[in-house]
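Written below as structure tokens is the structure these notes are about.
Just follow the structure's listing: the first ligand is 1, and inside any ligand the first atom is 1.
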Amino acid sequence: MSEGELPGRPEAPGGTDFGRLEAALGEALLALGLGPQSAPGMRETPERTAKALDSFFSGLRTDPEVYLEETFPGGTGDPVVLRDIPLYSMCEHHLVPFVGRAHVGYVPDRRVLGLSEIAGVVEAYARRPQLQERLTAQVADLLFEPLGSKGSFVVIEAEQLCMTMRGAQKPGTLTVTRAARGVYAQDASLREEFTRLLGR
Ligand SMILES: [Zn+2]
């Protein structure tokens, strides 16, 4: 995996600069015409929004590879598939959420990853400014060579609120992205089995 491709490597390694962020959010509200007189209910909003953003982007401080440390011997060559992992991420173009489900499969090669670790990998990549396509590829990449599996397959179905809220698409429209690595890239029958397991 190329770390250089990760979005939003923090420029301040110490984490979020809350003072700066709250001041900027206060300025943004003023630019929208929302000040203490016109919007008294929003007095605490810069502080609350700064905390929310820090939480939405907490993955910037998580190295997803830490989840690969908890593996145990096993794996018979049969795929392991986790479906319907809840997914919350933020589009890096508008800082608006995209929300949906991730389905993740891999074929172990004598090394099995805990199921909660798979969900942890998805979350570590999702809690950053993201693009759905890149998120899908990053999870698939990590669960292939760094994990030492025979292959991985990731399908993400998500509603891009920056599209549906602005009326470019009907609400509820799902964007589906897929990334296949290793045996999943080579073997269509493995991908078909994965789709069957999803009940689609
Ligand atoms: Zn967007």
Side-chain angles (χ1 to χ4, degrees), residues 1-13 15-18 20-34 39 41-42 44-65 67 82-104 118-143 152-181 195 198 200:
M1 182 183 57
S2 162
E3 282 288 311
E5 289 166 16
L6 295 184
R9 285 248 113 192
E11 284 175 27
T16 301
D17 181 341
F18 280 96
R20 191 173 180 178
L21 182 54
E22 287 168 27
L25 289 164
E27 275 301 309
L29 291 179
L30 283 172
L32 290 165
L34 299 166
M42 297 182 79
E44 310 295 328
T45 295
E47 189 186 337
R48 280 192 293 257
T49 307
K51 283 190 189 128
L53 287 171
D54 178 69
S55 148
F56 298 160
F57 297 148
S58 60
L60 292 171
R61 298 183 297 275
T62 307
D63 179 356
E65 295 205 21
Y67 292 103
L82 245 78
R83 67 174 216 196
D84 292 322
I85 302 168
L87 177 90
Y88 301 91
S89 191
M90 294 277 271
C91 128
E92 73 175 11
H93 294 147
H94 302 92
L95 297 184
V96 170
F98 60 96
V99 177
R101 304 263 159 188
H103 317 290
V104 176
I118 295 176
V121 167
V122 171
E123 179 155 325
Y125 280 123
R127 287 186 176 264
R128 303 166 181 222
Q130 268 294 10
L131 300 173
Q132 187 178 329
E133 296 85 342
R134 183 175 56 213
L135 172 60
T136 309
Q138 285 174 332
V139 176
D141 283 340
L142 194 72
L143 296 181
S152 62
F153 192 34
V154 177
V155 176
I156 293 181
E157 305 170 295
E159 180 173 4
Q160 305 279 330
L161 292 181
C162 65
M163 303 282 276
T164 54
M165 282 178 77
R166 294 186 307 156
Q169 291 178 358
K170 286 200 168 64
T173 302
L174 293 180
T175 301
V176 182
T177 47
R178 320 186 322 158
R181 302 290 182 262
T195 309
L198 299 189
R200 305 291 195 276

**Message:** Strictly by salt bridge (Lys or Arg N to Asp or Glu O under 4.0 Å), give each pair with a member in residues 48-57 just once, sequence neighbours left out.
**Reply:** E47-K51, D54-R61
**Asked** What number of protein N, O or S atoms occur at distances under 2.8 Å from the Zn ion (ligand 1)?
**Response** 3
Quick one: side chains of residues 153-168, donor-acceptor pairs under 3.5 Å with protein atoms, not counting sequence neighbours, listed by atom name and distance.
| unit_1 | atom_1 | unit_2 | atom_2 | d |
| --- | --- | --- | --- | --- |
| E157 | OE1 | H103 | NE2 | 2.8 |
| E157 | OE1 | R200 | NH2 | 2.9 |
| E159 | OE2 | T164 | OG1 | 3.0 |
| E159 | OE2 | G172 | N | 3.0 |
| Q160 | NE2 | Q132 | OE1 | 2.5 |
| T164 | OG1 | Q160 | O | 3.4 |
| R166 | NE | C162 | O | 2.6 |

**Message:** Taking the basic N atoms (NZ, or NE/NH1/NH2) and the acidic carboxylate oxygens, is any pair closer than 4.0 Å for R134 and E92?
**Reply:** yes
**Request:** Quick one: list whatever passes side-chain contact (heavy atoms from CB on, under 4.5 Å) with F56, sequence neighbours left out.
**Result:** A52, L53, M90
**Prompt:** Quick one: does R101's side chain have a donor or acceptor within less than 3.5 Å of a partner on D84's backbone?
**Reply:** yes
**Message:** Can you tell me how far apart OG (S152) and CG (L142) are? Round to the nearest 0.5 Å.
**Reply:** 9.0 Å
